[in-house]
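Worksheet: one structure, shown below.
In what follows, chains carry the letters A, B, and so on, assigned in the order in which the sequence lines appear, proteins first and then strands, with residues in each chain numbered from 1.
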Amino acid sequence: MIDLRLLRAEPDRVRASSHARGDDPARVDALLAADEARRAAVTRADGLRAEHKAVSQSVRRASADERPAVLERAQALAAEVKRAEAAQAEAEAALRAAHLAVPNVVLDGVPAGGEQDFVVVQTVGQVPTYDFPVKDHLDIGTALGAIDTERGAKVSGSRFAFLTGWGALLELALVNLSMAAAVEAGFTPVIAPALVRPEAMEGTGFLGAHADEVYRLASDDLYLVGTSEVPLAAYHSGEVLDELPLRYAGFSSCFRREAGSHGKDTRGIIRVHQFDKVEMFSYVDPAQAEAEHVRLLAHEMAFLSLLELPFRVIDVAAGDLGSSAARKYDCEAWLPSQERWLELTSTSNCTDFQARRLGIRSRGPGGLSPVATLNGTLCAVGRTIAVLLEVHQRADGSVHLPEALRPYLAGRTELLPQ
RNA sequence: GGAGGCGUCGCCUAGUCCGGUCUAUGGCGCCGCACUGCUAAUGCGGUUUGGGUCUCAAGCCCAUCGGGAGUUCAAAUCUCCCCGCCUCCGCCA
(Lines give C-alpha, C1' and ligand atoms only; values in the text may rest on other atoms or scores of the structure.)
Protein backbone atom coordinates (compact mmCIF):
# COMPACT_ATOMS: atom_id res chain seq x y z
CA MET A 1 0.00 0.00 0.00
CA ILE A 2 1.25 3.43 -0.82
CA ASP A 3 1.68 6.15 1.78
CA LEU A 4 -1.51 8.19 1.91
CA ARG A 5 0.37 11.18 3.31
CA LEU A 6 2.57 11.15 0.24
CA LEU A 7 -0.50 10.85 -1.94
CA ARG A 8 -2.15 13.89 -0.31
CA ALA A 9 1.03 15.93 -0.43
CA GLU A 10 2.20 14.99 -3.91
CA PRO A 11 -0.63 13.46 -5.92
CA ASP A 12 1.14 14.30 -9.16
CA ARG A 13 4.04 12.04 -8.31
CA VAL A 14 1.67 9.14 -7.86
CA ARG A 15 -0.17 10.03 -11.06
CA ALA A 16 3.11 10.12 -12.97
CA SER A 17 4.01 6.68 -11.64
CA SER A 18 0.64 5.35 -12.66
CA HIS A 19 1.15 6.79 -16.12
CA ALA A 20 4.59 5.17 -16.42
CA ARG A 21 3.06 1.81 -15.57
CA GLY A 22 0.38 2.30 -18.18
CA ASP A 23 -2.34 2.20 -15.53
CA ASP A 24 -5.48 4.24 -15.45
CA PRO A 25 -4.69 7.37 -13.41
CA ALA A 26 -8.35 7.50 -12.40
CA ARG A 27 -7.47 4.92 -9.76
CA VAL A 28 -5.24 7.47 -8.09
CA ASP A 29 -8.00 10.03 -8.00
CA ALA A 30 -10.44 7.41 -6.76
CA LEU A 31 -8.04 6.73 -3.91
CA LEU A 32 -7.80 10.43 -3.08
CA ALA A 33 -11.58 10.69 -3.02
CA ALA A 34 -11.93 7.54 -0.88
CA ASP A 35 -9.39 8.93 1.57
CA GLU A 36 -11.33 12.18 1.81
CA ALA A 37 -14.61 10.32 2.30
CA ARG A 38 -13.19 8.13 5.01
CA ARG A 39 -11.87 11.09 6.98
CA ALA A 40 -15.25 12.79 6.81
CA ALA A 41 -16.97 9.63 8.03
CA VAL A 42 -14.47 9.20 10.87
CA THR A 43 -14.80 12.79 12.01
CA ARG A 44 -18.57 12.49 12.13
CA ALA A 45 -18.57 9.15 13.95
CA ASP A 46 -15.93 10.34 16.42
CA GLY A 47 -18.06 13.35 17.33
CA LEU A 48 -21.16 11.26 17.86
CA ARG A 49 -19.24 8.75 19.93
CA ALA A 50 -17.92 11.50 22.18
CA GLU A 51 -21.41 12.88 22.70
CA HIS A 52 -22.91 9.47 23.37
CA LYS A 53 -20.14 8.59 25.77
CA ALA A 54 -20.75 11.71 27.83
CA VAL A 55 -24.47 11.08 28.05
CA SER A 56 -23.96 7.42 28.81
CA GLN A 57 -21.61 8.22 31.66
CA SER A 58 -24.13 10.62 33.13
CA VAL A 59 -26.71 7.84 33.47
CA ARG A 60 -25.45 6.61 36.83
CA ARG A 61 -25.19 10.13 38.21
CA ALA A 62 -28.71 11.05 37.17
CA SER A 63 -31.39 11.24 39.82
CA ALA A 64 -34.36 8.92 39.63
CA ASP A 65 -36.44 11.73 38.12
CA GLU A 66 -33.91 12.56 35.42
CA ARG A 67 -33.00 9.02 34.57
CA PRO A 68 -35.73 8.14 32.04
CA ALA A 69 -35.00 11.26 29.97
CA VAL A 70 -31.25 10.64 30.07
CA LEU A 71 -31.69 7.01 29.09
CA GLU A 72 -33.92 7.95 26.24
CA ARG A 73 -31.35 10.45 24.99
CA ALA A 74 -28.58 7.84 25.36
CA GLN A 75 -30.57 5.28 23.43
CA ALA A 76 -31.25 7.70 20.61
CA LEU A 77 -27.57 8.62 20.43
CA ALA A 78 -26.57 4.96 20.49
CA ALA A 79 -28.69 4.34 17.43
CA GLU A 80 -27.16 7.33 15.70
CA VAL A 81 -23.65 6.16 16.56
CA LYS A 82 -24.47 2.75 15.15
CA ARG A 83 -25.49 4.29 11.84
CA ALA A 84 -22.43 6.53 11.74
CA GLU A 85 -20.19 3.54 12.49
CA ALA A 86 -21.73 1.55 9.66
CA ALA A 87 -21.03 4.47 7.34
CA GLN A 88 -17.47 4.65 8.68
CA ALA A 89 -16.91 0.93 8.13
CA GLU A 90 -18.21 1.27 4.61
CA ALA A 91 -15.92 4.21 3.89
CA GLU A 92 -12.97 2.31 5.35
CA ALA A 93 -13.67 -0.74 3.22
CA ALA A 94 -13.95 1.46 0.14
CA LEU A 95 -10.66 3.13 1.01
CA ARG A 96 -8.95 -0.20 1.46
CA ALA A 97 -10.16 -1.45 -1.90
CA ALA A 98 -9.03 1.75 -3.60
CA HIS A 99 -5.75 1.59 -1.69
CA LEU A 100 -5.01 -1.97 -2.81
CA ALA A 101 -5.73 -1.02 -6.41
CA VAL A 102 -2.88 1.49 -6.53
CA PRO A 103 0.54 -0.12 -7.05
CA ASN A 104 3.80 1.11 -5.62
CA VAL A 105 5.24 4.39 -6.86
CA VAL A 106 8.03 3.57 -9.28
CA LEU A 107 11.47 5.01 -8.62
CA ASP A 108 13.07 7.69 -10.75
CA GLY A 109 14.95 6.16 -13.62
CA VAL A 110 12.72 3.14 -14.12
CA PRO A 111 12.00 2.83 -17.83
CA ALA A 112 8.41 3.63 -18.71
CA GLY A 113 6.33 1.23 -20.75
CA GLY A 114 5.58 -2.48 -20.86
CA GLU A 115 7.31 -5.83 -21.06
CA GLN A 116 9.31 -4.94 -24.19
CA ASP A 117 10.55 -1.62 -22.85
CA PHE A 118 13.21 -2.90 -20.47
CA VAL A 119 16.69 -1.43 -20.57
CA VAL A 120 19.74 -3.69 -20.72
CA VAL A 121 21.99 -2.54 -17.91
CA GLN A 122 24.89 -4.85 -18.46
CA THR A 123 25.92 -8.03 -20.23
CA VAL A 124 28.37 -10.35 -18.52
CA GLY A 125 30.33 -12.96 -20.46
CA GLN A 126 30.06 -13.96 -24.10
CA VAL A 127 27.08 -15.51 -25.76
CA PRO A 128 28.47 -19.02 -26.31
CA THR A 129 28.80 -20.62 -29.74
CA TYR A 130 28.97 -24.34 -30.37
CA ASP A 131 30.54 -26.20 -33.29
CA PHE A 132 28.04 -29.02 -32.93
CA PRO A 133 24.25 -29.14 -32.90
CA VAL A 134 23.18 -28.06 -29.42
CA LYS A 135 20.71 -30.15 -27.48
CA ASP A 136 18.21 -28.75 -25.08
CA HIS A 137 18.38 -29.41 -21.36
CA LEU A 138 15.76 -32.14 -21.47
CA ASP A 139 17.72 -34.20 -24.00
CA ILE A 140 20.93 -33.66 -22.12
CA GLY A 141 19.31 -34.31 -18.76
CA THR A 142 17.58 -37.45 -19.98
CA ALA A 143 20.83 -38.83 -21.36
CA LEU A 144 22.52 -38.09 -18.03
CA GLY A 145 19.71 -39.78 -16.14
CA ALA A 146 19.23 -36.46 -14.38
CA ILE A 147 15.74 -35.39 -15.42
CA ASP A 148 12.62 -37.50 -15.84
CA THR A 149 9.61 -35.52 -17.00
CA GLU A 150 7.73 -38.52 -18.36
CA ARG A 151 7.41 -40.12 -14.99
CA GLY A 152 6.81 -36.69 -13.50
CA ALA A 153 3.75 -36.44 -15.70
CA LYS A 154 2.69 -40.00 -14.88
CA VAL A 155 2.85 -39.41 -11.16
CA SER A 156 1.83 -35.77 -10.82
CA GLY A 157 0.76 -34.42 -14.19
CA SER A 158 2.23 -32.14 -16.78
CA ARG A 159 4.83 -29.60 -15.65
CA PHE A 160 6.17 -31.93 -12.97
CA ALA A 161 9.54 -33.64 -13.07
CA PHE A 162 11.73 -35.98 -11.11
CA LEU A 163 15.33 -34.99 -10.63
CA THR A 164 17.31 -38.17 -10.40
CA GLY A 165 20.93 -39.16 -9.97
CA TRP A 166 23.16 -36.24 -10.93
CA GLY A 167 20.09 -34.09 -11.31
CA ALA A 168 19.23 -34.57 -7.65
CA LEU A 169 22.85 -34.13 -6.60
CA LEU A 170 23.15 -31.03 -8.77
CA GLU A 171 20.19 -29.51 -6.97
CA LEU A 172 21.74 -30.17 -3.58
CA ALA A 173 25.06 -28.76 -4.76
CA LEU A 174 23.42 -25.59 -6.07
CA VAL A 175 21.49 -25.14 -2.86
CA ASN A 176 24.58 -25.67 -0.74
CA LEU A 177 26.72 -23.39 -2.86
CA SER A 178 24.16 -20.59 -2.85
CA MET A 179 23.48 -20.93 0.85
CA ALA A 180 27.20 -20.82 1.56
CA ALA A 181 27.48 -17.66 -0.53
CA ALA A 182 24.53 -16.13 1.29
CA VAL A 183 25.95 -16.90 4.71
CA GLU A 184 29.29 -15.47 3.59
CA ALA A 185 27.44 -12.29 2.60
CA GLY A 186 25.84 -11.99 6.03
CA PHE A 187 22.43 -13.52 5.38
CA THR A 188 20.75 -15.69 8.01
CA PRO A 189 19.90 -19.03 6.43
CA VAL A 190 16.27 -20.03 6.80
CA ILE A 191 14.23 -23.10 5.98
CA ALA A 192 10.81 -21.56 5.50
CA PRO A 193 7.33 -23.09 5.55
CA ALA A 194 5.87 -23.58 2.09
CA LEU A 195 2.31 -23.54 3.43
CA VAL A 196 1.06 -20.23 4.73
CA ARG A 197 -2.12 -18.68 6.02
CA PRO A 198 -4.23 -16.32 3.93
CA GLU A 199 -2.92 -13.28 5.82
CA ALA A 200 0.64 -14.02 4.76
CA MET A 201 -0.35 -14.51 1.14
CA GLU A 202 -2.49 -11.41 1.10
CA GLY A 203 -0.02 -9.29 3.01
CA THR A 204 2.67 -9.93 0.46
CA GLY A 205 0.30 -9.02 -2.36
CA PHE A 206 0.00 -12.40 -4.03
CA LEU A 207 -3.76 -12.58 -3.84
CA GLY A 208 -4.22 -9.55 -6.04
CA ALA A 209 -3.69 -9.71 -9.79
CA HIS A 210 -1.90 -13.07 -9.54
CA ALA A 211 -4.39 -14.87 -7.33
CA ASP A 212 -5.04 -17.60 -9.89
CA GLU A 213 -1.33 -18.44 -9.93
CA VAL A 214 -1.57 -19.65 -6.36
CA TYR A 215 -2.40 -23.12 -5.06
CA ARG A 216 -4.89 -23.11 -2.23
CA LEU A 217 -5.71 -25.97 0.10
CA ALA A 218 -9.38 -25.31 0.62
CA SER A 219 -9.97 -27.82 3.41
CA ASP A 220 -7.31 -26.18 5.58
CA ASP A 221 -7.48 -22.62 4.26
CA LEU A 222 -3.76 -22.62 3.59
CA TYR A 223 -1.81 -21.57 0.52
CA LEU A 224 1.23 -23.11 -1.09
CA VAL A 225 3.82 -20.38 -1.57
CA GLY A 226 5.11 -19.52 -5.02
CA THR A 227 8.29 -18.14 -3.50
CA SER A 228 9.77 -17.99 -0.01
CA GLU A 229 9.46 -14.23 -0.30
CA VAL A 230 6.02 -14.87 1.23
CA PRO A 231 7.08 -16.56 4.46
CA LEU A 232 10.21 -14.40 4.72
CA ALA A 233 8.19 -11.19 4.44
CA ALA A 234 5.44 -12.39 6.75
CA TYR A 235 8.11 -13.60 9.20
CA HIS A 236 8.27 -10.18 10.86
CA SER A 237 4.71 -9.08 10.11
CA GLY A 238 3.16 -6.95 12.81
CA GLU A 239 6.53 -6.41 14.47
CA VAL A 240 8.59 -3.41 15.42
CA LEU A 241 12.18 -4.13 14.36
CA ASP A 242 14.88 -2.76 16.64
CA GLU A 243 17.78 -3.68 14.49
CA LEU A 244 18.17 -3.02 10.79
CA PRO A 245 19.15 -4.30 8.34
CA LEU A 246 17.91 -7.88 8.68
CA ARG A 247 18.94 -10.22 5.90
CA TYR A 248 17.61 -13.72 5.32
CA ALA A 249 18.27 -16.39 2.74
CA GLY A 250 15.33 -18.74 2.65
CA PHE A 251 15.16 -22.15 1.07
CA SER A 252 11.80 -23.60 0.19
CA SER A 253 9.87 -25.39 -2.44
CA CYS A 254 7.80 -23.09 -4.64
CA PHE A 255 4.47 -23.92 -6.19
CA ARG A 256 2.91 -22.18 -9.16
CA ARG A 257 -0.23 -23.06 -11.03
CA GLU A 258 1.04 -21.45 -14.22
CA ALA A 259 -2.51 -20.56 -15.10
CA GLY A 260 -2.67 -18.85 -18.45
CA SER A 261 0.71 -20.10 -19.57
CA HIS A 262 -0.65 -23.02 -21.57
CA GLY A 263 1.71 -24.00 -24.30
CA LYS A 264 4.52 -21.80 -23.03
CA ASP A 265 7.80 -23.48 -22.10
CA THR A 266 6.09 -26.85 -21.94
CA ARG A 267 9.24 -28.81 -22.63
CA GLY A 268 11.66 -29.70 -19.86
CA ILE A 269 11.87 -28.03 -16.48
CA ILE A 270 11.96 -24.34 -17.34
CA ARG A 271 8.39 -23.77 -16.24
CA VAL A 272 7.09 -26.29 -13.74
CA HIS A 273 4.51 -26.36 -10.98
CA GLN A 274 7.02 -27.17 -8.27
CA PHE A 275 10.65 -26.20 -7.87
CA ASP A 276 13.05 -25.27 -5.13
CA LYS A 277 14.60 -21.90 -4.62
CA VAL A 278 17.00 -19.98 -2.42
CA GLU A 279 15.68 -16.47 -1.98
CA MET A 280 17.29 -13.43 -0.40
CA PHE A 281 15.12 -11.11 1.63
CA SER A 282 16.18 -7.85 3.30
CA TYR A 283 14.49 -5.55 5.75
CA VAL A 284 16.22 -2.16 5.69
CA ASP A 285 15.83 1.49 6.57
CA PRO A 286 13.94 3.04 3.64
CA ALA A 287 16.83 5.43 3.07
CA GLN A 288 19.06 2.40 2.43
CA ALA A 289 16.71 0.58 0.10
CA GLU A 290 18.32 1.55 -3.19
CA ALA A 291 21.79 0.68 -1.92
CA GLU A 292 20.48 -2.66 -0.72
CA HIS A 293 18.92 -3.30 -4.09
CA VAL A 294 22.29 -2.82 -5.77
CA ARG A 295 23.76 -5.21 -3.21
CA LEU A 296 21.19 -7.94 -3.88
CA LEU A 297 21.77 -7.58 -7.61
CA ALA A 298 25.51 -7.89 -7.04
CA HIS A 299 24.98 -11.13 -5.10
CA GLU A 300 22.87 -12.53 -7.92
CA MET A 301 25.46 -11.58 -10.51
CA ALA A 302 28.28 -13.05 -8.45
CA PHE A 303 26.40 -16.32 -8.14
CA LEU A 304 25.76 -16.59 -11.87
CA SER A 305 29.41 -15.83 -12.47
CA LEU A 306 30.38 -18.65 -10.12
CA LEU A 307 28.36 -20.94 -12.36
CA GLU A 308 30.25 -19.57 -15.38
CA LEU A 309 27.02 -18.57 -17.09
CA PRO A 310 26.77 -15.68 -19.55
CA PHE A 311 23.92 -13.35 -18.66
CA ARG A 312 22.55 -9.88 -19.00
CA VAL A 313 20.92 -7.61 -16.45
CA ILE A 314 17.78 -5.73 -17.39
CA ASP A 315 16.05 -2.84 -15.68
CA VAL A 316 12.43 -3.96 -15.92
CA ALA A 317 10.00 -1.38 -17.30
CA ALA A 318 7.35 0.16 -15.06
CA GLY A 319 4.46 -1.66 -16.69
CA ASP A 320 6.07 -5.04 -16.09
CA LEU A 321 6.75 -4.54 -12.39
CA GLY A 322 4.66 -6.34 -9.83
CA SER A 323 2.36 -4.11 -7.82
CA SER A 324 4.71 -4.14 -4.83
CA ALA A 325 7.92 -3.34 -6.68
CA ALA A 326 9.22 0.18 -7.18
CA ARG A 327 12.07 -1.16 -9.29
CA LYS A 328 13.12 -4.56 -10.49
CA TYR A 329 16.22 -6.01 -12.10
CA ASP A 330 16.20 -9.39 -13.80
CA CYS A 331 19.27 -11.44 -14.60
CA GLU A 332 18.70 -13.36 -17.80
CA ALA A 333 20.99 -16.20 -18.78
CA TRP A 334 21.58 -17.35 -22.33
CA LEU A 335 19.60 -20.43 -23.26
CA PRO A 336 21.49 -22.03 -26.18
CA SER A 337 18.72 -24.34 -27.38
CA GLN A 338 16.35 -21.42 -27.94
CA GLU A 339 19.00 -18.79 -28.60
CA ARG A 340 17.34 -16.38 -26.25
CA TRP A 341 17.72 -14.85 -22.84
CA LEU A 342 15.86 -16.57 -20.01
CA GLU A 343 15.07 -15.01 -16.64
CA LEU A 344 17.03 -16.85 -13.97
CA THR A 345 16.90 -14.41 -11.11
CA SER A 346 15.01 -11.28 -10.24
CA THR A 347 15.37 -8.69 -7.52
CA SER A 348 12.73 -6.20 -6.45
CA ASN A 349 12.86 -3.13 -4.28
CA CYS A 350 9.44 -2.90 -2.66
CA THR A 351 10.35 0.21 -0.65
CA ASP A 352 7.87 0.53 2.23
CA PHE A 353 4.90 -0.70 0.18
CA GLN A 354 4.88 -4.31 1.35
CA ALA A 355 5.93 -3.48 4.91
CA ARG A 356 3.05 -1.03 5.28
CA ARG A 357 0.56 -3.74 4.45
CA LEU A 358 2.28 -6.29 6.69
CA GLY A 359 2.70 -3.84 9.57
CA ILE A 360 6.48 -4.12 9.77
CA ARG A 361 7.92 -0.98 11.32
CA SER A 362 10.98 0.43 12.97
CA ARG A 363 11.46 3.21 15.46
CA GLY A 364 12.82 6.42 13.98
CA PRO A 365 13.08 10.02 15.11
CA GLY A 366 9.49 10.65 13.97
CA GLY A 367 8.08 7.60 15.72
CA LEU A 368 7.22 4.27 14.14
CA SER A 369 7.30 3.96 10.38
CA PRO A 370 7.32 1.11 7.86
CA VAL A 371 10.67 -0.39 6.89
CA ALA A 372 11.66 -1.14 3.31
CA THR A 373 11.67 -4.72 2.05
CA LEU A 374 13.62 -6.16 -0.85
CA ASN A 375 13.80 -9.60 -2.31
CA GLY A 376 16.03 -11.31 -4.80
CA THR A 377 16.48 -14.79 -6.20
CA LEU A 378 19.80 -16.32 -5.38
CA CYS A 379 19.14 -19.63 -7.08
CA ALA A 380 15.96 -20.90 -8.70
CA VAL A 381 17.16 -24.46 -8.85
CA GLY A 382 15.22 -26.02 -11.73
CA ARG A 383 15.91 -23.29 -14.22
CA THR A 384 19.49 -23.01 -13.13
CA ILE A 385 20.01 -26.72 -13.78
CA ALA A 386 18.41 -26.36 -17.20
CA VAL A 387 20.65 -23.47 -18.19
CA LEU A 388 23.72 -25.06 -16.66
CA LEU A 389 23.25 -28.25 -18.67
CA GLU A 390 22.70 -26.37 -21.90
CA VAL A 391 25.48 -23.83 -21.61
CA HIS A 392 28.08 -26.31 -20.40
CA GLN A 393 27.21 -29.12 -22.80
CA ARG A 394 29.85 -30.69 -25.00
CA ALA A 395 29.64 -32.49 -28.33
CA ASP A 396 29.94 -35.93 -26.70
CA GLY A 397 26.97 -35.34 -24.43
CA SER A 398 29.07 -34.69 -21.35
CA VAL A 399 28.60 -31.54 -19.31
CA HIS A 400 31.34 -29.38 -17.88
CA LEU A 401 30.92 -28.58 -14.18
CA PRO A 402 31.93 -25.10 -13.04
CA GLU A 403 34.75 -25.09 -10.55
CA ALA A 404 32.70 -23.54 -7.75
CA LEU A 405 30.27 -26.43 -7.83
CA ARG A 406 32.83 -29.20 -7.71
CA PRO A 407 33.43 -29.22 -3.94
CA TYR A 408 29.73 -29.95 -3.55
CA LEU A 409 29.86 -32.82 -6.07
CA ALA A 410 32.68 -34.85 -4.63
CA GLY A 411 35.23 -33.05 -6.79
CA ARG A 412 33.77 -34.10 -10.12
CA THR A 413 34.71 -31.95 -13.10
CA GLU A 414 32.06 -33.18 -15.54
CA LEU A 415 28.89 -35.18 -15.88
CA LEU A 416 28.89 -38.10 -18.30
CA PRO A 417 25.95 -39.62 -20.11
CA GLN A 418 24.92 -43.05 -18.88
C1' G B 1 -8.62 -36.28 17.08
C1' G B 2 -10.22 -35.90 22.76
C1' A B 3 -10.00 -33.19 27.64
C1' G B 4 -8.50 -28.98 30.34
C1' G B 5 -6.05 -24.22 31.08
C1' C B 6 -4.44 -19.52 29.34
C1' G B 7 -4.04 -14.67 26.14
C1' U B 8 -4.28 -7.25 29.83
C1' C B 9 -0.67 -0.68 26.86
C1' G B 10 8.11 -3.46 25.79
C1' C B 11 8.48 -7.75 29.85
C1' C B 12 5.97 -9.58 34.31
C1' U B 13 1.37 -8.58 36.71
C1' A B 14 -3.73 -6.69 39.39
C1' G B 15 -8.61 -6.45 37.64
C1' U B 16 -12.85 -10.62 34.83
C1' C B 17 -16.90 -14.49 39.39
C1' C B 18 -20.82 -9.60 40.84
C1' G B 19 -20.82 -4.40 33.81
C1' G B 20 -20.30 2.19 35.21
C1' U B 21 -15.57 4.75 40.32
C1' C B 22 -10.77 1.08 34.44
C1' U B 23 -9.27 7.93 32.02
C1' A B 24 -6.58 -0.27 33.22
C1' U B 25 -3.08 -1.65 39.15
C1' G B 26 1.81 -2.57 40.70
C1' G B 27 6.90 -4.07 39.61
C1' C B 28 10.92 -4.23 35.99
C1' G B 29 12.97 -1.81 31.90
C1' C B 30 13.38 2.76 29.29
C1' C B 31 13.31 8.44 28.80
C1' G B 32 13.51 13.31 31.19
C1' C B 33 14.39 16.35 35.45
C1' A B 34 16.30 17.08 40.47
C1' C B 35 20.06 15.74 43.92
C1' U B 36 25.23 14.15 43.64
C1' G B 37 33.07 15.10 42.29
C1' C B 38 31.54 10.77 38.49
C1' U B 39 28.75 6.37 38.58
C1' A B 40 25.32 4.06 41.62
C1' A B 41 21.37 4.91 44.91
C1' U B 42 17.20 8.09 45.84
C1' G B 43 13.10 11.44 44.62
C1' C B 44 9.65 13.54 41.03
C1' G B 45 7.49 13.22 36.24
C1' G B 46 6.84 10.54 31.76
C1' U B 47 6.54 5.88 28.94
C1' U B 48 0.70 1.12 24.07
C1' U B 49 -0.62 1.76 19.27
C1' G B 50 -3.66 3.62 15.35
C1' G B 51 -6.81 7.51 13.74
C1' G B 52 -9.43 12.44 13.59
C1' U B 53 -9.02 17.78 14.22
C1' C B 54 -5.22 21.54 13.58
C1' U B 55 -0.82 25.80 8.74
C1' C B 56 2.99 23.38 12.30
C1' A B 57 3.32 22.25 17.29
C1' A B 58 0.68 22.12 21.65
C1' G B 59 -4.04 20.93 22.86
C1' C B 60 -8.57 18.46 22.28
C1' C B 61 -11.31 14.15 20.56
C1' C B 62 -12.12 8.80 18.98
C1' A B 63 -10.64 3.78 19.03
C1' U B 64 -7.47 0.04 21.23
C1' C B 65 -7.30 -5.43 27.24
C1' G B 66 -5.49 -11.94 21.11
C1' G B 67 -9.31 -11.03 16.57
C1' G B 68 -14.46 -10.56 15.20
C1' A B 69 -19.71 -10.43 16.19
C1' G B 70 -23.61 -9.77 19.85
C1' U B 71 -26.40 -8.09 24.49
C1' U B 72 -26.66 -3.13 26.98
C1' C B 73 -27.52 3.79 27.75
C1' A B 74 -22.67 1.55 29.22
C1' A B 75 -18.18 -4.38 28.21
C1' A B 76 -11.13 -5.95 30.04
C1' U B 77 -15.66 -7.81 32.76
C1' C B 78 -21.64 -11.11 30.09
C1' U B 79 -22.80 -14.38 25.34
C1' C B 80 -21.20 -16.62 20.63
C1' C B 81 -17.54 -17.59 16.74
C1' C B 82 -12.43 -17.54 15.30
C1' C B 83 -6.95 -17.38 16.16
C1' G B 84 -2.72 -18.45 19.07
C1' C B 85 -0.03 -20.65 23.25
C1' C B 86 0.46 -24.36 27.28
C1' U B 87 -0.65 -29.25 29.80
C1' C B 88 -2.46 -34.23 29.58
C1' C B 89 -4.40 -38.41 26.47
C1' G B 90 -4.57 -40.78 21.58
C1' C B 91 -2.17 -41.28 16.80
C1' C B 92 2.24 -40.54 13.94
C1' A B 93 7.55 -39.46 10.66
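Ring pair A:Tyr283/A:Phe281: centre-to-centre distance below 6.0 Å. Under the 6.0 Å cut-off for aromatic ring centres, A:Tyr235 and A:Tyr248 qualify, their centroids lying closer than that.
Comparing A:Arg67 and A:Ala45 against RNA chain B, the residue whose closest nucleotide sits nearer the 5' end is A:Arg67.
When Watson-Crick and G-U wobble pairs are counted only if both distances are under 3.5 Å, B:A14 pairs with no nucleotide at all. The partner of B:A74, taking Watson-Crick or G-U wobble pairs whose two distances both stay under 3.5 Å, does not exist in any strand shown. Taking a pair to require two hydrogen-bonding distances under 3.5 Å in either a Watson-Crick or a G-U wobble arrangement, B:A3 pairs with B:U87. Both distances falling under 3.5 Å, in either a Watson-Crick or a G-U wobble arrangement, place B:A63 opposite B:U49. Pairing partner, B:U79: B:A69, with both Watson-Crick or wobble hydrogen-bond distances short of 3.5 Å.
Distance from the side chain of A:Arg49 is smallest for B:A63 among the nucleotides B:A63, B:G84, B:G20. Residue A:Lys53 has its side chain nearest to B:C62 when only B:C62, B:C83, B:A74 are considered. The side chain of A:Lys82 has B:U71 as its nearest neighbour among B:G84, B:A74, B:U71. The side chain of A:Ala50 lies closest to B:C61 when the candidates are B:G20, B:C61, B:G84.
Under a 4.0 Å N-O distance rule, the pair A:Asp136/A:Arg267 qualifies as a salt bridge. Salt-bridge formation is detected for the pair A:Glu279/A:Lys277: a Lys NZ or Arg NE/NH1/NH2 atom is positioned less than 4.0 Å from an Asp or Glu carboxylate oxygen. Salt-bridge annotation for A:Arg5 and A:Glu10: absent, with no side-chain N of the basic residue lying under 4.0 Å from a carboxylate O of the acidic one.
Among the protein residues, A:Arg73 comes within range of no part of the nucleic acid, since none of its heavy atoms lies under 4.0 Å from any strand.
B:G84 and B:U8 have their C1' atoms separated by 16 Å, given to the nearest Å.
Taking atom CD of A:Glu199 as the reference point, atom P of B:G84 lies 9 Å away to the nearest angstrom. A:Glu239 places its CD atom 15 Å from the C1' atom of B:U49, with the value rounded to the nearest Å.
Other residues, nucleotides and ligands place more than 12 heavy atoms under 6.0 Å from the CD atom of A:Glu239. For CZ of A:Arg67, the number of neighbouring non-hydrogen atoms (other residues, nucleotides, ligands) closer than 6.0 Å is greater than 12.
Between A:Arg363 and the phosphate of B:U49, there is a side-chain N or O to OP1/OP2 separation shorter than 4.0 Å.
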- Task: Any chance you could list the contact pattern along nucleotides 50-55 of chain B? Use B for base contacts, S for sugar-phosphate-only contacts and - for none, protein heavy atoms under 4.0 Å, 5' to 3'.
- Result: SBSS--
